[in-house]
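Residue numbers start at 1 and run along the sequence shown. Hydrogens, waters and symmetry mates are skipped; everything else that's a heavy atom, side chains included, is used.
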Amino acid sequence: MSKLVIVGTVAFDAIETPFGKTDKILGGAATFIGLAASQFNVDAAVVSIVGGDFPKEYLDLLSDRNIDISGVEIVKEGKTFFWSGKYHNDMNTRDTLVTELNVLADFNPVVPETYKDAQVVMLGNLHPNVQMSVLEQMNKKPKLVILDTMNFWMDCALEELKAVIAKVDVITINDEEARQLTGEYSLVVAARKIHAMGPKYVVIKKGEHGALLFYKDNVFYAPALPLEEVFDPTGAGDTFAGGFAGYLAKTEDVSFENMKNAVIYGSTLASFCVEKFGTERMIGLKSKEVHQRLQQFKSLTQFDIELT
């Protein structure tokens, strides 16, 4: 089984949706990615930074799932990254109310020595220079590098972002970000332009409308599972990325056919994430539930058609 390095924020979130609101709860891209990847029992390590205000039980929660946390720097006199947001009624748009970088402002990631030979690297949403620093610490080029990013970095660090994009195998972004990055409305054309920047595989997430996987001239579409209740979309994209990376690390197969499976697993895990606030649903998620939902996905997407 491949080793997996996960880079991203371990943080506090405060969330408000039409269904309620929370005080500070566990959040952060690396947290959601790690919890999703842990469903595959992979040998994973999180590289991140927290302050002295971060509860030990949150770190224990990750290590209890066999996630190595030796790469999580604890700045005792500092405060943990904090984000607060409010979702609109459609749950697809949100307003950021508070962003406090705190210890993240001076984050210099350090990959644990035992993971510098990791075959899979998942670069969660962070400044492109931080992402690049992690790649430069690896002993050799990983078998697979996956990048997640957002429009914020396109606005303020575009050249640095393009430098990282040139070094990755897979990029996962949403439809709005794909259009911003390329200046193209058509996602097919946008994916082609992103391919030209370096990545062999382009995953474009469309929220409740599923995800698209592009490879050369091939396109695969995975729908999102229709859910009765969506409480909180926070972390759904990171959970998708964690499921995607975790599955590929476990199977050690980075072919286009297996990428399709990874997209389905990512979509399945993301469908659980939105059912409760923050990480709550992912923390209690059982493998039996995942298997049952995969069966639902199979029923949703498979059909026979008579061609006349």
Side-chain angles (χ1 to χ4, degrees), residues 1-2 4 6 29 31-44 61-62 64-67 91 119-120 122 124 144 146 148 170 172 174-175 201-215 218-305:
M1 188 185 297
S2 299
L4 170 64
I6 299 163
T31 307
F32 284 103
I33 293 168
L35 289 172
S38 72
Q39 287 291 325
F40 303 96
N41 296 317
V42 292
D43 184 3
L61 192 146
L62 294 173
D64 288 347
R65 284 158 178 76
N66 296 319
I67 299 169
M91 299 289 272
Q119 295 92 331
V120 181
M122 177 69 232
L144 190 73
I146 307 162
D148 191 31
V170 185
T172 72
N174 68 30
D175 45 359
Y201 298 95
V202 177
V203 178
I204 299 180
K205 300 171 289 187
K206 291 167 59 63
E208 63 178 323
H209 303 297
L212 291 157
L213 169 66
F214 296 89
Y215 172 64
N218 302 300
V219 186
F220 173 71
Y221 170 70
L225 195 70
L227 299 171
E228 287 188 26
E229 293 181 310
V230 177
F231 269 86
D232 174 20
T234 309
D238 297 315
T239 301
F240 173 92
F244 182 86
Y247 178 81
L248 293 171
K250 182 177 178 69
T251 58
E252 300 183 326
D253 177 357
V254 296
S255 67
F256 176 61
E257 289 304 311
N258 202 45
M259 290 270 175
K260 294 178 184 179
N261 293 329
V263 168
I264 294 293
Y265 269 93
S267 297
T268 300
L269 290 169
S271 75
F272 286 107
C273 178
V274 301
E275 291 182 334
K276 291 186 178 179
F277 281 109
T279 57
E280 187 181 352
R281 186 68 175 94
M282 298 307 296
I283 289 169
L285 186 59
K286 303 285 190 291
S287 57
K288 179 182 174 185
E289 295 176 288
V290 177
H291 183 75
Q292 288 172 340
R293 191 153 291 183
L294 281 167
Q295 292 300 319
Q296 288 179 263
F297 254 101
K298 193 172 179 180
S299 301
L300 180 71
T301 55
Q302 290 197 340
F303 61 91
D304 293 316
I305 186 167

For Tyr201 and Val254, run side-chain contact (heavy atoms from CB on, under 4.5 Å): C-alpha distance rounded to whole Å, both residues' side-chain angles, the deciding distance at 0.1 Å, then the answer.
-> CA-CA 10 Å; Tyr201 298 95; Val254 296; 5.6 Å; no
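Residues Met282 and Leu269 form a side-chain contact, since some pair of their non-hydrogen atoms from C-beta on lies under 4.5 Å apart. Two residues are said to be in side-chain contact when any heavy atoms from C-beta on lie closer than 4.5 Å; Leu35 and Leu61 meet this criterion. With contacts defined as side-chain heavy-atom distances shorter than 4.5 Å, the pair Leu4/Phe40 does not qualify. Between Arg281 and Glu289, the closest side-chain pair of non-hydrogen atoms falls below 4.5 Å. Side-chain atoms of Leu144 and Gln119, non-hydrogen and from C-beta on, never get closer than 4.5 Å to each other. Using a 4.5 Å heavy-atom threshold, the side chains of Tyr221 and Val263 count as separate. Looking only at side-chain heavy atoms (C-beta outward), Lys205 and Asp148 come within less than 4.5 Å of each other. Using a 4.5 Å heavy-atom threshold, the side chains of Thr239 and Val274 count as separate.
Judged by distance alone, the side chain of Arg65 and the main-chain N or O of Ala36 form no donor-acceptor pair under 3.5 Å.
For the residue pair Asp253 / Thr251, no side-chain donor-acceptor distance below 3.5 Å is found, with atom types taken as modelled.
Distance check, rounded to the nearest 0.5 Å: CG of Leu300 to CG of Leu294 gives 12.0 Å. Rounding to the nearest 0.5 Å places CE of Met122 at 5.0 Å from OG1 of Thr172. Taken to the nearest 0.5 Å, the CZ atom of Phe297 stands 6.0 Å off from the CD1 atom of Ile264. To the nearest 0.5 Å, the span separating CD on Glu280 from SG on Cys273 amounts to 11.0 Å. Distance check, rounded to the nearest 0.5 Å: CG of Leu227 to CD of Glu208 gives 10.0 Å. Here the straight-line distance linking atom CD of Glu257 with atom CZ of Phe220 works out to 9.0 Å at 0.5 Å rounding.
Gly207 and Ala224 get closest at one heavy-atom pair: O-CB, 3.7 Å. Closest heavy-atom contact between Ala245 and Ile146: CB-CD1, 3.7 Å. Nearest approach of Ala44 to Ile6, heavy atoms of both residues: CB-CD1, 4.2 Å. Scanning all heavy atoms of the two residues, the minimum distance from Ala222 to Ser267 falls at CB-OG, 4.2 Å. Taking every heavy atom of both residues into account, Asp232 and Met91 meet most closely at N-CE, 3.9 Å. Residue Val42 comes nearest to Ala37 through the heavy atom pair CG2-O, 3.6 Å, listed as atom of the first residue, atom of the second, then distance.
Note: Tyr247 and Tyr265 have parallel aromatic rings, judged against thresholds of 30 and 60 degrees for the angle between ring planes.
At a threshold of 4.0 Å, the pair Glu275-Arg293 counts as salt-bridged, since one of the basic side-chain nitrogens sits closer than that to a carboxylate oxygen.
Evaluation of the ring pair (Phe, Tyr, Trp, His ring centres under 6.0 Å) rule for Phe256 yields Tyr215 as partners, not counting sequence neighbours.
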